[in-house]
Amino acid sequence: MATSHSLVALFRELAQLAALDEGSSMSFRARAYENAVEAIASYPGDLAALSERQLTAIDGIGPATAKKIREFFQKGSIARLEELRRKYPPEFVALGRIPGIGPKTLLRLRDELGVTNVETLAAALAGQKLRALPGLGVKTEEKILQSIERMRAAGFEPPAEQARVPIAKAMPIVRELAAALAVLPGGPGVQYCGSLRRLDETTGPADIVAATSDPLAVHAAFAGHQAVARVLEQDGTVTSVETGTGLRVDLRTVDPSRFGAACLWRTGSPAHVARLAARAAGRGWTLDEEGLKDADGETVAADPEDAIYEALGLAPIAPPLREDRGEIEQAERRALPAPVRLEQVRGDLHVHTTLSGDGRSTLEEILDSAAARGYEYLAITDHAEDLSMNGATREQLAAQRAQIEALRGRHPGMALLHGSELNIDREGDVDYDPAFRRTLDWCVASVHSHFDLPRAEQTRRILRAMEDPTVHVIGHLSGRRIGTRMGIDLDVDAVLERAAATGTAIEINAALARLDASSEVLYRARGMDVTFVISTDTHHTREFARMEWGVLHATRGWVDPERVANLWPRARFLDWLHARRG
DNA sequence: GCCGTTTTCGGCCCGACTGTTTTCAGTCG
């Protein structure tokens, strides 16, 4: 209920820095922090209300973590984390994102070669200093050089401190802040805006707009929120803060009569708003954050947002579409693709249980949770055996099948598909043999390794997986983790064409850290005969809620709802599935 | 850092791959 996403994020960072500090992500301390993350995220009640002693009673939280949690609720920050941040500055930690550099190597580079950032690393590489270290060699140097090259070519600048924050880090905290303001007395209208509202992959300083007649109370509540570590600036209408996670958030309060205009202005994108302003100018009007006004300064429209679009002769444009990618022309012709809506989703087709090594919820918990969302169908897709640590053997899958059969009566309204998330290996082959795969109702195939092969090889392996008749959908197409790991390099057009030709669906992975296929790929597929599936890749029942992001991401990619298979009624979906299986 | 305990330390998941090795360490998922 009152999960503090800021607290979760801080412990996640603590786990990462501890892993670096200890030289291994397998270190017991780092893993203990990760367990604490899980415990905090899963706790259903209000952690802030618990004493140190009560906190210790929670599984995965011991005395040290309990102390840190109390510290967070009192100060908005954790001293131990601040200490680790000083010891390992962001530009140094970022080097760990370069494929081939793990914690051990990273620490040695610093201790033995004085590497502290990408510049000093580049200098060490140029001087061929790495090969002189025992355990490292020419190949390692080459590999690191290539990784840096590739990242730069892709516009991915991990070696430097990221000016922009990945959406998965920012969104939960900003939403929590917005939600805390929305429940204040007087019920102010509250909307987070900017990149987050457009579901962009990263965000700069985040924007929240609140419509209220009591701005002082709203600003005070904002500045005093537990996620806030520091107040940067404050005047009557704007408060800027930094959260414990280092994210800057600006709150603006406006008169309720101008709420829509303020949201429109702050949501952007700048290019989109500039086009609207030009359009207003063409009519002799002006558009700014106060609203649309005529030549006499009289308000034409200022709230809600849709009224401004209508006054400009445009159909309302959903926030994820506001990128000046042609949406204004389409809105003028009333030909925009309809936004995908959460209520339209009828099933989830990529879901893990505890049978996956990284799954956190039991099969029963998963079924109950999906049924509670009103789903008409659900596919259980635990990892296949190629993912050695996390995967299931065919015997385990067979046993799970029997378990599912036994549970069919539990939720009669929900069709249960038994499947697996297969691993696409380097050659494009997937787990098990075709005969066994045919005993599965639904197969997701996705990439989990070999992220740094050249484009031609990556494309070949995906095409090969799509050619396999037992593969229904390609999961998280690029394998990226936004802000952390670049996806595989693909010939996107070739992949989309083959998807259309083979009838293999493309997953729209709803996890904020993935949002994969990217909205650029989705946009590129418009007009093509490609089927999509919006999936949550759930590993814990709470992650079913990600579907909300999946539909926004699909909207951002201009995906026609008609092409999304898990919006189809059960009968149509099952017909499609059976026809595909031949 | 947490847990369990036959109470106060010892155990806590791992397998493939790669590059550097001459027997293994580090990375990755």
Side-chain angles (χ1 to χ4, degrees), chain A residues 10-12 14-40 42 52-53 55-69 71 78 80-81 84 95-109 111-112 130-147 352 354-360 382-393 421-427 429 431 446-453 475-476 478-481 484-488 513-514 537 539:
Chain A
L10 292 182
F11 268 89
R12 201 162 273 151
L14 200 49
Q16 279 161 4
L17 291 180
L20 176 57
D21 198 49
E22 313 244 328
S24 166
S25 56
M26 283 290 116
S27 100
F28 295 119
R29 186 175 284 108
R31 276 158 51 191
Y33 283 137
E34 269 161 25
N35 290 338
V37 168
E38 188 56 38
I40 293 165
S42 300
E52 227 173 280
R53 186 192 193 83
L55 286 167
T56 313
I58 300 172
D59 235 19
I61 297 179
T65 299
K67 257 193 174 33
K68 292 183 176 73
I69 293 175
E71 186 186 356
I78 299 171
R80 173 64 185 150
L81 175 59
L84 284 169
L95 297 177
R97 286 199 287 272
I98 298 172
I101 300 186
K104 290 256 172 42
T105 307
L106 190 51
L107 290 180
R108 286 190 62 198
L109 291 178
D111 296 343
E112 297 174 40
L130 272 67
R131 65 183 66 177
L133 300 185
L136 301 184
V138 180
K139 287 243 174 128
T140 307
E141 267 182 11
E142 283 171 358
K143 184 173 177 180
I144 294 173
L145 269 171
Q146 270 173 17
S147 294
H352 298 267
T354 44
L355 182 53
S356 297
D358 51 1
R360 292 280 171 272
D382 280 304
H383 284 297
E385 62 187 356
D386 203 19
L387 248 61
S388 51
M389 190 183 157
N390 288 329
T393 63
E421 181 183 12
L422 308 170
N423 183 49
I424 301 175
D425 73 10
R426 189 185 174 128
E427 269 67 50
D429 293 319
D431 298 69
S446 24
V447 160
H448 299 96
S449 59
H450 298 106
F451 293 100
D452 50 4
L453 303 174
H476 46 72
S478 80
R480 69 176 179 175
R481 312 282 304 190
T484 308
R485 181 174 71 208
M486 275 203 313
I488 60 174
R514 294 191 182 272
D537 201 352
H539 287 68

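Just so it is clear: chains get the letters A, B, ... in the order the sequence lines come, proteins before strands, and each one is counted from 1. Just the heavy atoms: all of them, side chains too, but no hydrogens, waters or symmetry mates, feed the values below.
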Sugar-phosphate only, base, or nothing, as touched by A:F11 at under 4.0 Å among non-hydrogen atoms: nothing
Heavy-atom donor-acceptor pair, A:R480 side chain to A:I488 backbone, under 3.5 Å: no
Watson-Crick or G-U wobble partner of B:dT8, both distances under 3.5 Å: none
Approximate separation, where rounding is to 0.5 Å, of A:I101 CD1 and A:L109 CG: 5.5 Å
Separation of B:dT18 P from A:L130 CG (nearest whole Å): 20 Å
Integer-rounded Å distance: B:dT20 P and A:R131 CZ: 10 Å
Atom-to-atom span, CZ of A:R485 to C1' of B:dT27 - whole angstrom: 13 Å
N or O in side chain of A:S449 less than 4.0 angstrom from B:dA16 OP1/OP2: no
Whole-Å gap separating P (B:dC17) and NZ (A:K143): 14 Å
Ring-on-base stacking B:dC2 with A:F28 (under 5.5 Å, under 30°): no
Short side-chain N/O contact to B:dC2 OP1/OP2 from A:T65, under 4.0 Å: yes
Gap between atom CZ of A:R80 and atom CG of A:L17 - 0.5 Å precision: 9.0 Å
With sequence neighbours excluded, residues passing side chain to side chain contact (heavy atoms under 4.5 Å, CB included) with A:D59: none
